[in-house]
Amino acid sequence: MTTSPIRGRPRHAKAQIRMRLTHAVLGAAVGAGWLVLPVTTVAAQAPVPGSPAGPTASAAAPQQDETSAADLVLPLAVGGAAVVLAGYGYLRRTRRARSRTTPGIVSAAPPTPAPAESERQARAALVLADDCVRTSREELGFVRERFGEEEAEPFTHALRAAETELSAAFAIWRRYEEGVPGEPDARRQALVGVIGRCAEAGRRLDAEAAALDRSRGLEEGVGGALEVAEGRFRELTARTATAGNTLTTLRERYPPTAAAPVIGYVEQAKDRLLFATTHLNRSRQADDRGDRERAAAHLRAAEGAIAQSGILVDAVERLASRLGGAARLVPPALTDAEARLALARKGEGTPGAGAPEVRLAHADAVLAGVRAESTAGPYDPLDALRRITRALARLGAGRSGVLNTAALLVARGSVAGAQAYVTVHRGAVGPQARARLAQAVRSLAAQDAEEADTQSGQARELAERDVRGHGDPYAGGDGEAAGLVGAILGGILLAEDPDGGPPASFGGPRTRGRRRFPRTA
């Protein structure tokens with residue numbers, strides 16, 4: 001499709017072109033007039049009376065020839081000048097159009113962004129899509145609790161579709177980070193694929209946002225939804241107190257490294273609940289006044305805080321459960337690993353036959369160290385299982401049912417811990433941590449326990465680095481101020497305004513911030 005050269009010019013440029021064309025036409029017309037003028041004058045002139053023959057007549061003839069020639073020279077000169085000026089103007093315009101830097105002719109294809117800009121767009125798209133998925137998952141939990149699985153099925157389907165698109169986007173991005181593909185054109189297409197997948201994930205959620213709002217019926221009143229949120233709030237208040245006692249027990253029973261993944265979680269859970277208390281009260285007050293819009297916005301803020309408080313409390317309880325299970329699993333895992341090590345050393349019937357002596361010595365040292373720790377006093381059983389299973393994996397001796405169970409226990413705990421941390425700190429976590437976490441989830445689904453454990457550990461480290469760079473909202477803050485900053489850090493509020501912005505809701509980029517707090521008059 002050819003674009004008109006004039007269509008893309010600014011108005012003043014079009015006016016100049018029309019003016020120049022007008023001048024050229026007028027010049028040509030004037031020249032033509034001068035050419036025609038002598039002819040019309042001769043044709044319209046009355047016949048000249050006859051002259052007497054003789055010298056007088058012969059003198060008049062040359063004078064008439066000179067006048068006719070002069071009459072023709074001037075119009076010819078004017079016409080030629082007009083043609084020259086028109087041609088000069090055309091050449092000048094053509095040269096200027098070729099050399100100009102301002103838009104003249106609009107290209108049908110947009111300019112290709114630089115690789116650095118495409119990478120920046122891909123990173124931003126991944127973070128935004130991941131935030132939308134996590135927020136949608138949190139609100140959908142309240143919908144299921146009130147209306148049941150059947151009523152929530154369309155929204156669950158949309159969420160799963162968005163998760164699939166996002167997982168594919170993260171997989172493309174991870175390969176891109178690793179240098180695959182290597183060709184410049186293919187790498188540009190990979191970034192286009194990342195951005196496109198993220199956009200499709202957001203579109204899936206955006207498409208169901210209005211239907212979810214109709215299903216919840218918050219515009220008609222928040223009464224039923226508020227009761228669900230308050231019920232969960234009361235449950236979490238009791239569980240948070242219990243989680244504090246559980247964390248104290250973990251610190252007494254295990255070394256500091258064992259409880260390190262959940263240090264500070266009880267305080268953060270209390271902070272989220274304090275924030276939720278404020279917004280639950282404001283939601284009920286607004287609903288009593290008939291201010292449905294404000295009531296719905298405050299309810300969503302409270303629901304987000306309650307959901308994240310639950311994630312934090314769950315993390316403490318889950319770690320305590322896994323530490324207990326790991327402690328029970330260490331003795332049989334040690335016994336089985338030592339038996340496999342003995343077979344590998346003899347070279348009898350195992351894939352590790354003929355294994356290098358250095359690996360055998362390393363595995364023997366690891367197992368001896370774990371056994372000594374387990375009998376000497378407090379130790380970290382999850383870390384012990386990790387060391388046992390990795391030593392045997394590097395030996396290539398295979399895994400029995402016990403060792404495989406141990407490896408999956410460690411990997412599930414590591415992935416769940418990283419998921420919880422990213423979710424409740426997503427306002428500060430960047431794309432690298434999220435991409436490795438997505439890889440860990442895929443590896444766990446494929447039963448690759450060691451890879452899942454490794455990737456989730458890297459994800460946690462990167463996420464913690466991002467949060468440290470963002471700043472600790474709980475240092476020196478208290479009351480509502482700390483709650484507000486914590487809510488922004490957790491992505492509960494979208495940080496679009498000085499007061500924290502709107503609460504995040506189910507939906508993609510177009511709809512997730514739709515429930516805004518109305519401005520007071």
Side-chain angles (χ1 to χ4, degrees), residues 110 112-140 155-209 415-416 418-423 425-446 448 451-452 454-456 458-463 466 491 494 504-513:
T112 303
E117 176 62 17
S118 296
E119 288 183 8
R120 186 196 66 78
Q121 293 175 1
R123 290 189 186 97
L126 286 167
V127 171
L128 178 58
D130 193 46
D131 281 351
C132 290
V133 165
R134 293 179 187 277
T135 299
S136 298
R137 189 183 297 129
E138 288 173 1
E139 183 171 1
L140 189 55
F155 316 118
T156 302
H157 179 75
L159 178 60
R160 288 173 181 164
E163 290 170 341
T164 300
E165 295 290 343
L166 180 60
S167 177
F170 273 124
I172 298 171
W173 175 254
R174 283 292 291 132
R175 290 195 296 271
Y176 179 89
E177 283 188 315
E178 294 167 354
V180 181
E183 300 78 12
D185 289 342
R187 288 180 69 76
R188 282 193 294 268
Q189 288 303 313
L191 293 175
V192 171
V194 170
I195 296 170
R197 292 278 192 171
C198 291
E200 179 61 16
R203 188 196 66 79
R204 295 286 189 127
L205 297 173
D206 281 328
E208 295 297 331
V415 172
Q419 282 277 29
Y421 188 87
V422 170
T423 296
H425 299 89
R426 60 177 177 258
V429 177
Q432 285 79 12
R434 299 173 193 244
R436 281 165 176 75
L437 180 55
Q439 178 62 45
V441 172
R442 290 192 298 271
S443 297
L444 186 59
D448 188 346
E451 177 68 10
T454 299
Q455 292 294 332
S456 60
Q458 293 177 2
R460 177 70 181 256
E461 291 176 2
L462 289 168
D466 291 340
L494 295 180
S505 300
F506 181 104
R510 290 192 302 104
T511 58
R512 67 176 187 146

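These values consider heavy atoms only, across backbone and side chains, with no hydrogens, waters or symmetry-generated copies. None of the values given here were measured: they were computed from a predicted structure.
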Run the numbers on Val127 and Arg123 for side chain to side chain contact (heavy atoms under 4.5 Å, CB included), then give the verdict.
CA-CA 6 Å; Val127 171; Arg123 290 189 186 97; 5.7 Å; no
Arg134 and Glu138: CA distance, side-chain angles, deciding distance, salt bridge (charged side-chain N to carboxylate O under 4.0 Å, His left out) verdict:
CA-CA 6 Å; Arg134 293 179 187 277; Glu138 288 173 1; over 6 Å; no
Could you please spell out the steps behind the side chain to side chain donor-acceptor pair (under 3.5 Å) verdict for Ser443 and Gln439?
CA-CA 6 Å; Ser443 297; Gln439 178 62 45; 3.3 Å; yes
Begin with the C-alpha distance, continue with both residues' side-chain angles, and end with the deciding distance and a verdict on side chain to side chain contact (heavy atoms under 4.5 Å, CB included) for Val194 and Tyr176.
CA-CA 10 Å; Val194 170; Tyr176 179 89; 6.0 Å; no
Check the pair Gln121, Leu191 against side chain to side chain contact (heavy atoms under 4.5 Å, CB included), reporting the backbone distance first and the verdict last.
CA-CA 9 Å; Gln121 293 175 1; Leu191 293 175; over 6 Å; no
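Not counting sequence neighbours, the partners of Ser167 by the side chain to side chain contact (heavy atoms under 4.5 Å, CB included) test are Arg442. Every residue meeting the side chain to side chain donor-acceptor pair (under 3.5 Å) condition with Glu178, not counting sequence neighbours, appears here in chain and number order: Arg174. Considering only residues two or more places apart in sequence or on other chains, Arg434 meets the salt bridge (Lys or Arg N to Asp or Glu O under 4.0 Å) condition with Asp130, Asp131.
For the pair Phe170 and Pro431, the tightest heavy-atom approach, listed with the atom from each and the gap, is CE2-O, 4.3 Å. Between Ala433 and Asp466, the closest heavy-atom pair is CB-OD2, 4.4 Å. Summarising the geometry of Cys198 relative to Ala169, their closest heavy-atom pair is SG-CB, 3.8 Å, with the distance given to 0.1 Å. Pro509 and Cys132 get closest at one heavy-atom pair: N-SG, 3.8 Å. Of all heavy-atom pairs between Leu166 and Ala129, the closest is CD1-CB, 3.8 Å. Pairing each heavy atom of Val422 with each of Ala463, the nearest pair is CG2-CB, 4.1 Å.
One finds no salt bridge joining Arg197 and Glu200 here, because no Lys/Arg side-chain nitrogen approaches an Asp/Glu carboxylate oxygen to under 4.0 Å. Residues Glu165 and Arg203 are not paired through a salt bridge, judged by the lack of any N-O separation under 4.0 Å between the basic side chain and the carboxylate. Contact check on Arg204 versus Glu208 returns no salt bridge, with no Lys/Arg side-chain nitrogen under 4.0 Å from an Asp/Glu carboxylate oxygen.
If you check the side chains of Arg426 and Thr135, you find a donor sitting under 3.5 Å from an acceptor.
Side-chain atoms of Ser136 never come within 3.5 Å of backbone atoms of Val133 as a donor-acceptor pair (strictly under, hydrogens ignored). No donor-acceptor distance shorter than 3.5 angstrom exists from the side chain of Ser505 to the backbone of Gly513, with no hydrogens or angles considered. When atom types are taken as modelled, the side chain of Arg436 and the backbone of Gln455 share no donor-acceptor pair closer than 3.5 angstrom.
At a threshold of 4.5 Å between non-hydrogen side-chain atoms, the residues Leu205 and Thr511 do not count as touching.
Taking CG from Leu128 and CD1 from Ile195, the interatomic distance works out to 12.0 Å, rounded to the nearest 0.5 Å.
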